[in-house]
J.: 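Would you mind keeping the following structure in view while I ask a few things?
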Amino acid sequence: MTDASPQTNATASQGPQRRSMVKSVLKSPLGALSVLLILAVVLTALFAPLIAANDPAAIQIFRVNAAPGDGYLLGGDGSGRDIFSRLVYGARNTLLGTLIAVGVAAIVGVSAGLAAGYHGRKLEVGASWLFDALMALPAMIVLLAFYQALGASIHLSMVVFGVMLSPGFFRLTRTLVKGVKNELYVDAARVSGLSNLRIISRHILRVVRAPVVIQTSIVAGIALVIQAGLEFLGLGDPGTPTWGGVLQSAFENMYVSPQAVIWPGLAISITVASFVLLANSIRDQLQHGGPPARLPKLPERRSVFDRQAEADVLLSLRGVKIGYPGTSGWREVVHGVDLDVRRGEVLGLVGESGSGKSQTAFAVLGLLGTGGHVLDGSILFDGEELLGKSDEEMHGLRGKRIAYVPQEPMSNLDPSFRIGSQLVEPLMTAQGMSRREARAHALDMLGRVGLPDPKRTFNAYPHEISGGMAQRVLIAGAVATYPDLLIADEPTTALDVTVQAEILELLRELQAEFGMTIVMVTHNFGVVADICDSVAVMRQGEIVEQNKVTDLFANPTHDYTKNLLAAVLDDVEVRRYSPPKFAPQEAAQ
Amino acid sequence: MSHDSLVEVRDLCVSFATHQVIKNVCLDIRPGETVGLVGESGSGKTTIGRSILGIGPANSGRILFEGGDIANVAPRDRVGDAARIQAVFQDPYTSLNPSMTIEDILTEPMVARHIATRDEARLKVRELLDQVSLPADAAHRYPREFSGGQRQRVAIARALALSPRLIVCDEPVSALDLTTQATVMDLFIEIQERTGVAYLFVSHDLAVVRHISHRVAVMRGGEIVEFGDCDQVTARPEHPYTRRLLLAAPVADPIRQAKRRQDFLTLDARS
């Protein structure tokens with residue numbers, strides 16, 4: 001029921017996700033560069049015979065450790081072979097080895113991860129043990145042992161290494177699947193009668209796809225390095241040219257021709273870097289939808305208000321416009337709101353999702369979402385202009401004179417701290433109380449908000465109390481500084497209806513006792529009728545009607561208000577049952 | 001219980017680990033009827049729906065559908081009309097796979113149940129979209145291009161694809177705005193009157209349940225505390241808990257709400 005965040009709205013009209021994903025990776029400079037480099041290496045490997053000038057195995061004895069030039073583009077190695085041609089053919093063998101390792105790792109890891117994540121229970125426990133054990137094995141030693149047993153095939157070693165790399169894929173996939181398998185659309189697919197295999201392939205694999213591509217890219221880099229390392233140690237087949245082999249041969253002749261080390265070194269490091277950068281680039285696109293857009297310039301606040309509100313008006317908004325950075329300049333979500341809240345009254349700010357009611361409330365608190373700005377207008381609080389105040393000044397106000405009660409009580413309590421400390425800390429910093437005073441006051445307040453055993457709640461962790469109690473705790477925290485203004489954003493929406501009635505009763509009592517002014521953001525006309533003195537109806541960033549509660553319900557003037565009230569389901573006629581006169585199947589045909 | 005019921009739940013018990021969440025629940029739904037299942041969070045109302053759908057367990061008791069026991073039978077193992085029991089879930093944002101087009105979403109049940117080839121199913125999509133008043137060009141778009149209310153219409157169309165005799169609706173309008181909620185409820189009623197489908201309508205909102213139901217069951221702590229005709233349960237409840245639930249829901253009328261609030265406080269003070 002909360003207003004959809006502006007970010008999700010902005011991306012709502014994009015085309016198919018996957019195509020735009022590939023496109024945006026290619027558009028980012030890093031992504032394009034890494035794709036280009038990887039493509040170059042792949043093409044070199046594919047067309048090695050066309051590119052290489054010489055047979056990589058051909059030995060010209062008078063060119064041992066020759067300097068570059070004269071048919072040997074990068075010079076000759078210790079046996080008089082063409083380094084350039086060996087690197088070109090080496091790309092083939094090196095990529096093949098990498099492909100084998102990555103392929104094995106991905107196939108083993110992803111399929112085991114899918115099965116374990118989807119079925120859970122014993123299968124998951126068993127598979128997790130197995131893959132954890134694999135992770136604990138030192139890869140290099142295992143590879144050396146297999147080399148002893150199986151002989152000098154780098155490809156076989158890469159199969160073994162692939163298995164050693166599979167836990168990364170397994171853990172990633174299992175976590176992703178566990179996150180998605182309880183989504184309602186998976187339930188809907190099960191209800192539709194899809195088999196597990198089809199659910200996995202149609203619904204779950206799609207979610208796993210992008211992260212697995214990232215993991216593949218990173219693992220490719222690792223596999224390439226390890227493979228080159230093995231060959232460098234001389235564990236490869238000495239007959240086939242590989243990058244690691246070329247590096248080893250250059251290393252042996254380091255003192256004769258030092259520059260020969262550079263070329264295989266460059267080939268390996270550039271390729272590995274490309275894989276890792278590609279992974280980074282895809283991840284960036286996934287997480288942020290591309291590099292952060294540059295903030296559009298803040299427009300000048302055109303209307304400068306030099307005004308005073310009436311004495312009995314505590315909060316006064318004039319021409320308040322709120323915007324979020326969009327693709328082309330500021331996207332305005334609240335278009336010039338005028339609102340007066342009198343001292344001691346409860347004002348309901350009511351509207352549907354996207355109406356801007358929460359944005360308006362957050363603007364008063366100075367707590368707009370990421371990038372959000374008040375573009376224009378004036379907000380007077382007790383005669384003081386809030387717009388243009390520094391964060392620090394606003395922070396001081398929020399702690400003392402303006403309080404806030406959120407919609408989701410549980411997510412506003414830190415699960416790792418006791419409730420008591422979460423109440424005491426703000427009192428000490430904002431009110432300058434000593435720890436002892438703050439503690440006594442917090443306990444007082446917990447008792448005041450109707451918690452049956454304040455001491456016990458004080459010492460409890462958030463997970464030990466119910467949602468209704470959590471909301472009482474937050475209300476206790478909010479009113480502990482005896483604020484002038486309390487802003488409550490859908491404070492009862494997440495609660496059960498009987499708890500809602502109790503919380504509303506509590507707010508009413510506190511309001512009467514402390515003479516607080518309350519701005520109540522809500523979508524529920526029942527809540528408005530229950531607690532509010534006056535009400536402002538918002539639609540699409542504008543206030544369409546503002547009136548005393550009794551007058552608004554008796555004589556709504558704006559069509560939109562009339563529509564909203566007509567949609568309220570109180571006092572509807574109940575339906576009478578009569579069995580269908582036809583077989584339902586026929587009717588549906 | 002009457003022999004003409006479509007669904008009969010008898011002495012259903014469900015436990016998760018050692019915690020019993022459903023205790024000996026009995027419930028019946030007649031063809032073409034809406035039974036509202038109302039209760040607060042944790043009362044077990046969703047669990048009953050999931051047991052009937054076959055995606056949740058039933059530890060003991062029976063769930064009879066047209067006389068056959070379907071308790072603990074997974075949806076894909078069900079046959080006949082039982083295989084066509086469908087669901088509309090609460091959150092229209094997570095009940096549709098974001099990476100599938102509306103056409104893919106709507107054809108999936110038909111293809112999975114082998115009642116249509118992919119091409120035949122595609123032809124039926126237009127008709128389904130029409131039934132829920134969505135434009136035909138919606139077929140090739142993605143869920144994120146639609147508002148919450150429109151997505152819920154897609155979810156309803158998916159449920160209708162198999163011409164079901166029963167749809168389990170789990171809080172299907174709770175995530176929607178007030179005006180959208182009203183139009184989606186009207187759609188549910190219109191479809192029921194046209195096709196004779198029965199609904200198990202799970203909700204926490206007594207007003208919503210009253211609007212659509214013929215009979216209403218009230219749940220608390222895994223038990224049904226009151227089950228009867230809609231008007232009686234929602235206007236003249238007998239059980240104290242139902243009365244509390246009714247009085248707790250604020251009415252959109254300041255004068256009547258003031259009285260209702262007093263009644264609620266009096267009831268609370270007495271208990």
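From a predicted model like this one, the values you see are computed outputs, not experimental measurements. Residue numbers begin at 1 in each chain, while the letters A, B, ... track the order of the sequences.
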J.: With sequence neighbours left out, what residues match B/Asp91 under salt bridge (charged side-chain N to carboxylate O under 4.0 Å, His left out)?
T.: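 Testing B/Asp91 for salt bridge (charged side-chain N to carboxylate O under 4.0 Å, His left out), a comparison that skips the adjacent residues, returns none.
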J.: Checking A/His203 against B/Glu108: is there a side-chain donor and acceptor pair closer than 3.5 Å?
T.: yes
J.: Quick one: what part of B/Ile191 sits under 4.5 Å from any heavy atom of chain A, side chain, backbone, both or neither?
T.: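 Neither part; nothing is under 4.5 Å.
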J.: Considering only heavy atoms, which portion of B/Arg256 lies under 4.5 Å from any heavy atom of chain A: side chain, backbone, both, or neither?
T.: side chain
J.: If you tally heavy-atom pairs under 4.5 Å against chain A, which of B/Thr101, B/Val88, B/Ile189, B/Leu206 wins?
T.: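 With the most close heavy-atom pairs to chain A, the winner is B/Ile189.
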J.: What part of A/Phe525 gets closer than 4.5 Å to chain B, counting heavy atoms only: side chain, backbone, both or neither?
T.: both
J.: Let me know if B/Arg158 has heavy atoms under 4.5 Å from chain A in its side chain, its backbone, both or neither.
T.: side chain
J.: Select one option (side chain, backbone, both, neither) describing which atoms of B/Val168 are under 4.5 Å from chain A's heavy atoms.
T.: neither
J.: Of the listed residues (A/Ile531, A/Val497, A/Val527), which shares the most heavy-atom pairs with chain B below a 4.5 Å separation?
T.: A/Val497
J.: Got a donor-acceptor contact below 3.5 angstrom from the A/Gln471 side chain to the A/Pro491 backbone?
T.: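 At least one qualifying donor-acceptor pair exists.
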J.: Less than 4.0 Å between a side-chain N and a carboxylate O, is that true for B/Glu66 and B/Arg165?
T.: yes
J.: Where on B/Arg210 is there a heavy atom nearer than 4.5 Å to chain A: the side chain, the backbone, both, or neither?
T.: both
J.: Please flag which part of B/Arg50 lies under 4.5 Å from any non-hydrogen atom of chain A: side chain, backbone, both or neither.
T.: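 Just the side chain, heavy atoms under 4.5 Å.
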J.: Donor-acceptor pair, distance only, cut-off 3.5 Å: does the side chain of B/Arg30 make one with the backbone of B/Leu6?
T.: no
J.: Below 4.5 Å from any heavy atom of chain A, which atoms of B/Ala182 appear? Answer side chain, backbone, both or neither.
T.: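 For B/Ala182, the side chain is the part near chain A, not the backbone.
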J.: Would B/Arg144 and B/Tyr142 count as a cation-pi pair here, with the cationic atom under 6.0 angstrom from the ring centre and within 45° of the axis?
T.: yes
J.: Select one option (side chain, backbone, both, neither) describing which atoms of B/Asp104 are under 4.5 Å from chain A's heavy atoms.
T.: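 Both parts, backbone and side chain.
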J.: Is it the side chain or the backbone of B/Asp253 that comes within 4.5 Å of chain A heavy atoms, both, or neither?
T.: backbone
